[in-house]
Structures are given as structure tokens and as C-alpha cells.
There are 2 protein chains.
Amino acid sequence: MTTLWIIEDNISFSHMIRTALNQSDWCKCEHEFTNVADALKLLSMGKSPDVILTDINLPGMNGIDGIKAIKSIVKEIEIIVLTVFDDNEKLFDAICNGANGYLLKNSSPDEILDAIKIVVDGGSSINAGLARKVFNIFSAMKQTENTYGLTKRETEILNYLVDGKTVNEIAKITFTSPQTVQTHIKNIYHKVHVNSRGGLVSKALKEGLVPKGVFTKN
Amino acid sequence: MTTLWIIEDNISFSHMIRTALNQSDWCKCEHEFTNVADALKLLSMGKSPDVILTDINLPGMNGIDGIKAIKSIVKEIEIIVLTVFDDNEKLFDAICNGANGYLLKNSSPDEILDAIKIVVDGGSSINAGLARKVFNIFSAMKQTENTYGLTKRETEILNYLVDGKTVNEIAKITFTSPQTVQTHIKNIYHKVHVNSRGGLVSKALKEGLVPKGVFTKN
DNA sequence: TTGAAAATACCAAGAATAGGGTATTTTTAT
DNA sequence: ATAAAAATACCCTATTCTTGGTATTTTCAA
């Protein structure tokens, strides 16, 4: 039996969902809350469900911050966002904060039940349309491929600069003279069109001239 | 009628898929290729399908680079990756390069047909397990929330530093003296534990002390 | 209203950087 | 084999940065 809590300030909508979900023989909605704080209170008293279905637009703490707050108390809870918002920012923030599913409010009870099953089975639930948005967010943050024609050595030195290393430190690392490093940096500045260390590091990171180390394996 | 190309070096597997998909009354596989180059050749001759199903591990150009190459010729083609790899890096790279679907090779013909239908309908196709991985990649790149106790003014100045501005420029912008700015920077250095401009900018961007402007609305 | 925190401002000196040169040696690709 | 590109190295100077101080005024929360 999968236990469920709902956080939703529209009580009639909440009741409707609860009634529909409780029709199933494997999912039981134990509590309904109209705000995050009440749910947190019960969580910190040691109670917790398998899954929480939460709205985003809520009185007091919003649902996005709610995800974070909930997870900080019980990390294992699967959280599914149920909202009318389908903009990139909400979607992005919800997922970043640890949501495991994202449903729109026009979803049918069956779709909601499917989503609950998916997250308890270790998957994440998102429909094809929203998945496209997620995919687009990813490809939008793709590195710009812009190398400004930096050579191998220049790229290597750029990496050290981004690490905050000084000219002398880099000279020691590369077994060259500080003057050589200085010359390389000078050439990098010209190629990248910057005139300060901070500007270079910033551009290098923002435009993906150096690896950012985004994720972990598997 | 949805037209399809397959890029897959395992010819018997490719044939099998083609035969299965052609059973449907709405999807027709027009061509099979064993490498990306052959597909690109036909694309540059003006031919193009609605959807391309591609492997990743291919002789010559790999499927990930293939996506980029294909999209650079015909941007509108929907590309679905069909591979045995389920690691984060391949998944991430494929999506970043513009894949609109990601299927594992153990998918059934029906699942592949579903995926094709989804992408031509403007969605993206990914199963719940892989979706969880995508979600996790997102949450892994979440900002660290670490502000190092920077004050409002310090954060403001940090933003200017990340923009590559000098002390004097910042002083003019903030209508304060260069000495004041210098003092703020000194304090920032102590709080953030760095001792160079490059190191500060790097840490600020990598740890999300300043906004990175990741995505676009909707 | 009354401390504490934040923001302001200045001094000074050694270190490092930015930007302008020039020039030789190595690599690399044709 | 040879020309072009890359890497190496040095000089010089004005500017900027880093880091240690001290000290006054504002702001803000208890």
C-alpha cells in the first residue's frame, strides 16, 4: 500500500483528487494540507508518507521551497508537483529542488495514479510535452562551442587561470618561464576579447571554454 | 504518413526494427544507414525524413556528434536515440545536442512507435527510469545555496567583478570611493576564502554565488 | 533606543597584471 | 622540404590588485 499526502489550498480540488485516488486498491491518501507548514509540522513529528503531491502556488511557503523543506526532513519522500504552471522556470526550479514528478492540473486521476506508481518504482514522471521543455532547457545550456581559436597550450593555461592560479604558479606547473605564461595570457586576452582576469574567467565559464564538471556518473 | 530513417550499424537489428515499424499504417522507414556520413550525404542532397532513429556507438562519427551534424543541415528533423547506453554522460550529451527522444535497445516495436508519435506531436520521449536520471542531473547542478555570509553590497560588488569590472569602474557605478570598493572586495576575499580575482570569479560562478542565467522562458 | 552589523573611507607598500614590443625555437601540415 | 602556426622567452612601464591597518557614519533588528 502506497501512502500519500496532498498539499493543495483549493480544498474542493484536493478532496476530489483524494476521493479519486482512494478508489484504487493500492494508494491511500492519508492527509490533506492547505499549506506547507502544516505538512512540515507532521513530518517533524515523525510521520511521513511514501509520496507527497503538492501544488506550487500556496499561501505562505510556496511549493518549490516546500520541496526543499520536505526533503530536508525526510529525504526519501517522492514528491510530485501538481500545478497549472508549465513555464520553464517553475519546471526547472521544481526539478532542481528534488521533485520526482511534474503533473499539470488537467491530468486525469488515472494519470496521477500512473505518476505515483512511477515514482514509487524509482522513476520520474513527466509527460511528453513537459519532457520536451526539459530537453530544450538542457540543449539551451549547451556550451557555445566557441573556442575563439585558442591553441592547446592556451586552453591549458586558461584552465589554470580559472582555477585561480597566478602566472608564477602556472609557470612552475608547465615548466616554462613566467614570461612565456604571460605571453600566452596576453594572446588569450586578445583572442577572447577581454582585458581583465575576472572577465576572462567569467567568459570562460559562461561560454564553456573550460569544462564545468556538471554531473556525476550514472 | 511519418517518414523515418534508421542509422544503426547492426544490420540485422536495423532490419528487424524496420520491418516491425513498417507494420504500422502511419510510419514508413525509407532508409537504413550503417553510419552517419551516408545519412548526411543524402540529407545534403535535399532528402529528409520526419524522424531519424540513431544508434550512438557507430563506426566513424558517433551518434552524439551525428545529432549535431544532422540538425545543422535540417534543424526540423526529430531525432530519437536508440542505444544500449544508459549512463548520465551519453544521456546528457544526446539531449544537449538536440535529441528529442532517448530509447534503450530493449524497447519493444510498440514503444518505439509510441516514441515516434510523441516526437512528431511535439513532445519528447523518455521512459520513467531515464527521466529519473535526467531529473537527478538537474538537481545535481543545483546552486549550492552557499552565500558565505556575503552582505547585500558585497553580493552586488561580486556581480560587477564577475562582469570583469575594475575597482574604479565599480566605484563609479555605485557612487562610492575606490577605497570603499576595495574594502568590500577585501572582505569578500576573506569570506569566500580566495586570494585572487580569477579564483573569486570562478568560485562565484561555479558555486552559484551569482546568477548564471541558465535558460530561456517557456 | 541602543548595540551590532553594514557600509563608508583612507593610508601604504609590495605583488601581480595588462599591454606594448621583439625574437628564437619547435611543431605541424602540406 | 618548407612555410605557417605554435610555443617559448625576454624587456619595459603604467596600472591594478592584494593585504595589512584604522576609523567614521548608517542601517537595522532586538
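Heavy atoms only: backbone and side chains are in, while hydrogens, waters and symmetry mates are out.
Between the side chains of B:Thr3 and B:Asp50, a donor-acceptor pair is found at a separation under 3.5 Å.
Taking for each of B:Gln182 and B:Lys152 the nucleotide of DNA chain C with the nearest heavy atom, the 5'-most of the two is the partner of B:Lys152.
For B:Glu78 and A:Arg132, the salt-bridge test passes: some basic side-chain N is under 4.0 Å from an acidic carboxylate O. A salt bridge between B:Glu8 and B:Arg18 is absent, with no side-chain N of the basic residue lying under 4.0 Å from a carboxylate O of the acidic one. Contact check on A:Asp87 versus A:Lys133 returns no salt bridge, with no Lys/Arg side-chain nitrogen under 4.0 Å from an Asp/Glu carboxylate oxygen.
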Let's go through B:Thr180 and B:Thr183 carefully: what are the C-alpha distance in whole Å and the side-chain angles of both, what is the deciding distance for side-chain hydrogen bond (donor to acceptor under 3.5 Å, both in side chains) to 0.1 Å, and is it a yes or a no? CA-CA 5 Å; B:Thr180 299; B:Thr183 301; 5.9 Å; no

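Dashed line: the shortest gap from a side-chain N or O of A:Gln179 to OP1 or OP2 of D:dC10 is under 4.0 Å. For A:His184 and D:dA9, the shortest distance from a side-chain N or O to OP1 or OP2 is not below 4.0 Å. The side chain of B:Tyr189 places no N or O atom within less than 4.0 Å of a non-bridging phosphate oxygen (OP1 or OP2) of D:dT19.
Every residue two or more places apart in sequence or in another chain that forms a ring pair (Phe, Tyr, Trp, His ring centres under 6.0 Å) with B:His31 is listed here: B:Trp5, B:Phe33. When the salt bridge (Lys or Arg N to Asp or Glu O under 4.0 Å) test is applied to B:Lys172, no partner is found at least two apart in sequence or on another chain.
Geometric assessment of B:Lys191 against the ring of B:Tyr148 yields a negative cation-pi assignment under the 6.0 Å and 45° thresholds.
Counting only distance, with no hydrogens or angles, the side chain of A:Thr174 and the backbone of A:Ile170 share a donor-acceptor pair below 3.5 Å. Remark: side-chain polar atoms of A:Lys71 are paired, donor with acceptor, to backbone N or O of A:Gly98 under 3.5 angstrom.
For the pair B:Ile157 CD1 and D:dC17 C1', the interatomic distance rounds to 15 Å; values are reported in whole Å. A straight line from CD of A:Glu154 to C1' of D:dA5 spans 11 Å, rounded to a whole angstrom.
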Structure string for DNA chain C in dot-bracket form, Watson-Crick and G-U at under 3.5 Å, | interchain: .||||||||||||||||||||||||||||.

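The nearest pair of heavy atoms linking B:Ser124 to A:Ala131 is O-CB, 3.5 Å. Nearest heavy atoms, B:Asp163 versus A:Lys206: OD1-NZ, 4.0 Å.
Within residues 194-202 of chain A, the residues that place at least one heavy atom under 4.0 Å from DNA chain C are, in residue-number order, A:Asn195, A:Ser196, A:Arg197. For the segment residues 158-177 of chain B, residues with any heavy atom less than 4.0 angstrom from an atom of DNA chain C are, sorted by number, B:Thr176, B:Ser177.
Of all nucleotides in DNA chain C having an atom under 4.0 Å from a heavy atom of chain B, the first and last in 5' to 3' order are C:dA6 to C:dC10.
Taking the centre of each ring, A:Phe135 and B:Tyr102 stay at or above the 6.0 Å mark.
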